[in-house]
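Below you will find the structure I want to go over with you.
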Amino acid sequence: MRGAPLPHVGAAIGGQWARAAEGEGQADQMMLFGKVSQQLCALKKLPWSRDTRYFWGWLNAVFNKVDHERIRDVGPDRAASEWLLRCGAMVRYHGQEKWQKDYNHLPTGPLDKYKIQAIDATDSCIMSIGFDHMEGLQHVEKIRFCKCHYIEDYCLERLSQIENLQKSMLEMEIISCGNITDKGIIALHHLRNLKYLFLSDLPGIKEKEKIVQAFKTSLPSLELKLDLK
């Protein structure tokens, strides 16, 4: 049966987390989480069935869960970095060229040293319940959503209502996200300093001209590029 291996996967995860909770510190637990996350990402290449869809839906919700105590302890940028990498995304910090993509090799140091400037969420499992992680980010200038199966209109609406992002966001790319419709795209007009928006392969968008006109009115200096059918 295609779904048969799942109990063994769940048992392995449960066992590793139990050991972490019993005798390891927070740093060790974070590293263990990264290792488990990497192993599970590899398992996603296996054939899908109804059981596996339920399993990954549950697991992705776990990965996206907001830990407000963690945000208080390490700061919004570090907590958001952990969330994004846990879900398969990448981040780049202000003043650096290197993209951070390995959960277990996130830089350490003063909490105010590493500020997220860019996010590449290609093929990631980020979803709306995790977007509270973005609330405290003050330096994000660019976000790329590509092949994000859990990104939907509410995600863009939520992002667009975050005051810090309204000020800092300059560029956005949204590509091959099948749950995005005109409603979510138009909500981006709240990002008042947005200079560049690229939209491609979004079958949920039905009224391209309406979107073009909406942005011409609300963000006249925006460079809007469309690659839509």
Side-chain angles (χ1 to χ4, degrees), residues 41 44 48 50 52-66 80 83-91 116 118-137 140-229:
C41 285
K44 285 189 176 184
W48 277 54
R50 183 178 64 180
T52 57
R53 281 194 293 270
Y54 288 140
F55 174 76
W56 290 119
W58 166 80
L59 188 66
N60 291 335
V62 171
F63 281 2
N64 278 273
K65 185 177 180 180
V66 179
W83 163 57
L84 289 162
L85 270 65
R86 191 163 62 230
C87 293
M90 300 188 295
V91 300
I116 298 176
I119 297 169
D120 186 344
T122 299
D123 286 320
S124 72
C125 66
I126 61 172
M127 57 177 60
S128 60
I129 60 173
F131 271 57
D132 281 357
H133 286 100
M134 293 190 180
E135 190 71 44
L137 304 182
V140 179
E141 297 179 358
K142 181 175 181 178
I143 297 178
R144 186 174 200 255
F145 295 127
C146 179
K147 299 179 182 178
C148 299
H149 300 301
Y150 296 99
I151 290 293
E152 53 193 354
D153 288 339
Y154 176 74
C155 298
L156 300 186
E157 292 170 342
R158 175 73 180 92
L159 182 152
S160 300
Q161 293 298 326
I162 297 175
E163 187 174 351
N164 288 328
L165 296 183
Q166 290 177 352
K167 298 176 183 177
S168 67
M169 277 295 299
L170 301 177
E171 300 180 24
M172 180 173 286
E173 297 179 359
I174 305 175
I175 304 164
S176 302
C177 296
N179 294 321
I180 295 297
T181 71
D182 306 67
K183 180 182 178 182
I185 297 301
I186 290 178
L188 297 176
H189 79 272
H190 292 292
L191 303 175
R192 56 182 179 272
N193 291 318
L194 198 65
K195 303 300 181 186
Y196 176 80
L197 177 61
F198 176 62
L199 307 176
S200 176
D201 187 26
L202 300 175
I205 292 182
K206 305 300 182 182
E207 299 183 78
K208 291 187 293 184
E209 288 304 318
K210 182 178 179 180
I211 289 176
V212 171
Q213 291 302 318
F215 281 115
K216 279 185 177 180
T217 301
S218 58
L219 297 173
S221 61
L222 174 71
E223 180 183 356
L224 177 62
K225 287 193 174 182
L226 304 179
D227 180 20
L228 304 171
K229 294 182 179 179

With side chains defined as the heavy atoms from C-beta onward, is the minimum distance between L194 and L170 less than 4.5 Å?
->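 A side-chain contact is absent here, since even the closest heavy-atom pair is not under 4.5 Å.
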
Check: I129 and V66 side chains under 4.5 Å, non-hydrogen atoms = no

Hey, what do you get for CD1 (I180) to CG (L156), rounding to the nearest 0.5 Å?
-> 4.0 Å

Using a 4.5 Å cut-off on heavy atoms from C-beta on, say whether the side chain of L199 contacts that of L224.
-> yes

Report yes if the side chains of M169 and R192 come closer than 4.5 Å at any heavy-atom pair, otherwise no.
-> no

Point-to-point distance, once rounded to the nearest 0.5 Å, from SG of C125 to CZ of F63 | 6.5 Å

Salt bridge (charged side-chain N to carboxylate O under 4.0 Å, His left out) against K183, all qualifying residues, sequence neighbours excluded =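 K183 satisfies salt bridge (charged side-chain N to carboxylate O under 4.0 Å, His left out) with E157 only.
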
Non-hydrogen side-chain atoms of H189 and F215 separated by less than 4.5 Å =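 In contact.
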
Can you check whether M127's main-chain N or O pairs, donor with acceptor, with N64's side chain at less than 3.5 Å?
-> yes

For residues N179 and D153, determine if any side-chain heavy atom of one lies less than 4.5 Å from a side-chain heavy atom of the other.
-> no

Closest contact, heavy atoms only, D201 versus S176 =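 Looks like OD2-OG, 2.6 Å.
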
Please tell me if the side chains of V91 and D120 come closer than 4.5 Å, counting only heavy atoms from C-beta onward.
-> no

For residues 140-149, the side chain to side chain donor-acceptor pair (under 3.5 Å) pairs (sequence neighbours left out) are Q117-E141, T122-R144, R144-E173

Starting from the C-alpha separation in whole Å, work towards a yes-or-no answer on side chain to side chain contact (heavy atoms under 4.5 Å, CB included) for I174 and F198.
-> CA-CA 6 Å; I174 305 175; F198 176 62; over 6 Å; no

Side-chain donor/acceptor of D123 to backbone N/O of C148, under 3.5 Å =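 Not at all, since once roles are kept as given, no pair shorter than 3.5 Å links the two residues.
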
When rounded to the nearest 0.5 angstrom, what is the spacing between CG in N164 and CD in E135?
->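 CD of E135 is found 7.0 Å from CG of N164.
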
How many angstroms lie between atom CD of E171 and atom CG of N193, to the nearest 0.5 angstrom?
-> 12.5 Å

Determine whether L165 and S160 make a side-chain contact, defined as any pair of heavy atoms from C-beta on separated by less than 4.5 Å.
->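 No, side chains not in contact.
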
Got a sec, which residues hit side chain to side chain contact (heavy atoms under 4.5 Å, CB included) with L137, two or more places apart in sequence or on another chain?
->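 Partners of L137 by the side chain to side chain contact (heavy atoms under 4.5 Å, CB included) criterion, ordered by chain and then number, come out as P76, D77, A80, I116, M134, V140.
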
Distance in Å, L191 CG paired with L219 CG, rounded so as to fall on 0.5 Å steps |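 Spacing of CG (L191) from CG (L219) equals 8.0 Å.
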
Salt bridge (charged side-chain N to carboxylate O under 4.0 Å, His left out) involving E152 - partner list, sequence neighbours excluded = none

Residue Y154 excluded, over 12 heavy atoms near OH under 6.0 Å |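 It does not: Y154 OH has 12 such atoms or fewer within range.
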
What's the shortest heavy-atom distance between A89 and S124, and which atoms?
->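 Distance-wise, the nearest heavy atoms are N-CB, 3.8 Å.
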
Closest heavy-atom pair and its distance - F145, I126 |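 What the structure gives for the nearest pair is CE2-CD1, 3.6 Å.
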
Just say parallel, tilted or perpendicular for the rings of W83 and H133, cut-offs at 30° and 60°.
-> parallel

Scan the side chains in residues 202-210 for donor-acceptor partners under 3.5 Å anywhere in the protein, sequence neighbours excluded, and list what turns up.
residue: K206; atom: NZ; partner: P203; partner atom: O; Å: 3.1
residue: K208; atom: NZ; partner: L228; partner atom: O; Å: 3.3

Which residue pairs satisfy the side chain to side chain donor-acceptor pair (under 3.5 Å) criterion with at least one member in residues 212-229, sequence neighbours excluded?
->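 Passing the test, one end in residues 212-229: S200-D227.
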
